[in-house]
Amino acid sequence: QVQVEESGGGLVQAGGSLRLSCAASGGTFSRYVMAWFRQAPGKEREFAAYISRSGSFTQYADSVKGRFTISRDNAKNTVILQMNSLKPEDTAVYYCAADAYGSSSPAALRYGTWGQGTQVTVSS
C-alpha cells in the first residue's frame, strides 16, 4: 500500500558522506518498518539497515555498522540513511523498503514495498 521513493544518491570520494532520503506516501507511515538495502553490480541485494516503527530499534549489517545511521521522522513520512566514511565497496544502488510486519530478523524479512533505488558511487 505504501509507496517509497529514494533520493540523495550521487558521487562522492572515499571517506566522504552522503545522506539518502526515503519519502513514503499512500499509507500510514508509522505502521511500517523500514529498511535500506543495496545492490552492487554483479552482486545480490544486500541488507544495510533497518528501523522499527517507532525508531526505537535499529539494526545494521556488519559492513556498514559504525558508519551508517538510519533514522525516521514519522511526522514527515521519511526515513534517512546517513552514510559516513564511505568506501568504494559501498558503491551500489540503494533501495528503500517498507513492510507492515516487523521481524526479529530484519535482514531476512521479505519487504512488501520497494523504491526504485538511488545510485551511490564512491570513488577511490
Side-chain angles (χ1 to χ4, degrees):
Q1 188 69 30
V2 70
Q3 294 177 305
V4 296
E5 182 175 8
E6 307 92 337
S7 63
L11 175 65
V12 65
Q13 288 187 309
S17 298
L18 281 174
R19 181 182 174 92
L20 304 184
S21 296
C22 174
S25 61
T28 302
F29 180 65
S30 61
R31 294 179 179 174
Y32 290 84
V33 298
M34 304 294 296
W36 289 93
F37 286 73
R38 63 187 187 179
Q39 187 168 24
K43 296 185 178 180
E44 294 185 349
R45 189 169 296 181
E46 174 190 39
F47 167 78
Y50 168 93
I51 190 164
S52 63
R53 294 174 180 87
S54 68
S56 62
F57 174 77
T58 59
Q59 188 174 102
Y60 300 90
D62 288 342
S63 58
V64 309
K65 193 174 299 180
R67 300 186 298 118
F68 291 11
T69 302
I70 188 170
S71 61
R72 69 189 295 163
D73 187 338
N74 286 347
K76 297 181 178 179
N77 290 0
T78 59
V79 60
I80 301 296
L81 186 67
Q82 178 66 47
M83 306 186 295
N84 299 325
S85 302
L86 283 162
K87 305 174 181 179
E89 50 263 47
D90 295 320
T91 296
V93 176
Y94 283 72
Y95 297 91
C96 180
D99 200 84
Y101 302 96
S103 176
S104 60
S105 300
L109 179 63
R110 298 185 183 274
Y111 294 85
T113 299
W114 295 83
Q116 82 287 349
T118 186
Q119 177 70 49
V120 172
T121 302
V122 184
S123 62
S124 60

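Quantities reported herein were computed from a predicted structural model and do not represent experimental measurements. Position 1 is the first residue of the sequence, and the numbers go up from there.
- In this structure, Y111 has its ring center closer than 6.0 angstrom to the ring center of F37.
- Panel note: side chain T118, backbone G9; a donor-acceptor pair is recorded below 3.5 Å.
- The two residues P88 and A14 have their closest heavy-atom pair at CD-CB, 4.0 Å.
- Between G115 and V4, the shortest heavy-atom contact is N-CG2, 3.3 Å.
- Using a 4.5 Å heavy-atom threshold, the side chains of I70 and Y60 count as touching.
- Ionic pairing of D90 and K87 is not present here: no N-O contact between side-chain nitrogen and carboxylate oxygen is shorter than 4.0 angstrom.
- From E89, atom CD reaches atom OG of S124 across 10.0 Å, with rounding to the nearest 0.5 Å.
- In this structure a side-chain-to-backbone donor-acceptor pair under 3.5 Å is missing from Q59 to Y50.
- R72 contributes no side-chain N or O that, together with a main-chain N or O of T78, makes up a donor-acceptor pair within less than 3.5 Å.
- There is a side-chain donor-acceptor pair under 3.5 Å between S56 and S54.
- For R38 against S63, the heavy-atom pair with the smallest separation is NH2-OG, 3.3 Å.
- When atom types are taken as modelled, the side chain of T113 and the backbone of A97 share no donor-acceptor pair closer than 3.5 angstrom.
- Taking CD of Q13 as the start and OG of S123 as the end, the distance is 5.0 Å to the nearest 0.5 Å.
- Rounding to the nearest 0.5 angstrom, the gap separating the SG atom in C22 from the CD atom in E6 is 5.5 Å.
- More than 12 heavy atoms of other shown residues, nucleotides or ligands fall within 6.0 angstrom of atom CD in Q119.
- A cation-pi arrangement is found for R45 relative to Y95, the charged atom lying closer than 6.0 Å to the ring centre and inside a 45° cone about the ring normal.
- The side-chain heavy atoms of C96 and M34, taken from C-beta on, include a pair separated by under 4.5 Å.
- For the pair D99 (side chain) and G112 (backbone), a donor-acceptor distance under 3.5 Å is present.
- Inter-residue side-chain proximity for M83 and V120 is flagged as met; some heavy-atom pair is nearer than 4.5 Å.
- A heavy-atom distance below 4.5 Å is found between the side chains of S17 and Q82.
- Within the 4.5 Å cutoff, the side chain of S30 has no heavy atoms near those of the R53 side chain.
- A heavy-atom distance below 4.5 Å is found between the side chains of L81 and Y94.
- Shown here is Q39, whose CD atom has more than 12 heavy atoms of other residues, nucleotides or ligands within 6.0 Å.
- More than 12 heavy-atom neighbours from other residues, nucleotides or ligands sit within 6.0 angstrom of CZ on F57.
- Side-chain contact check for I51 versus V33: every heavy-atom pair is 4.5 Å or farther apart.
- F47 and Y32 fall into different hydrophobic clusters, defined by Ile, Leu, Val, Met, Phe, Trp and Tyr side-chain heavy atoms under 4.5 Å apart, directly or through other members.
- No more than 12 heavy-atom neighbours from other residues, nucleotides or ligands sit within 6.0 angstrom of CD on E44.
- Residues W114 and F29 fall into different hydrophobic clusters, defined by Ile, Leu, Val, Met, Phe, Trp and Tyr side chains chained together at heavy-atom separations under 4.5 Å.
- Taking CG from L18 and CZ from F68, the interatomic distance works out to 9.0 Å, rounded to the nearest 0.5 Å.
- V12 is connected to V64 through a chain of hydrophobic side-chain contacts under 4.5 Å among Ile, Leu, Val, Met, Phe, Trp and Tyr, so both are in one cluster.
- In this structure, R19 and I80 have side chains that are in contact, with non-hydrogen atoms separated by less than 4.5 Å.
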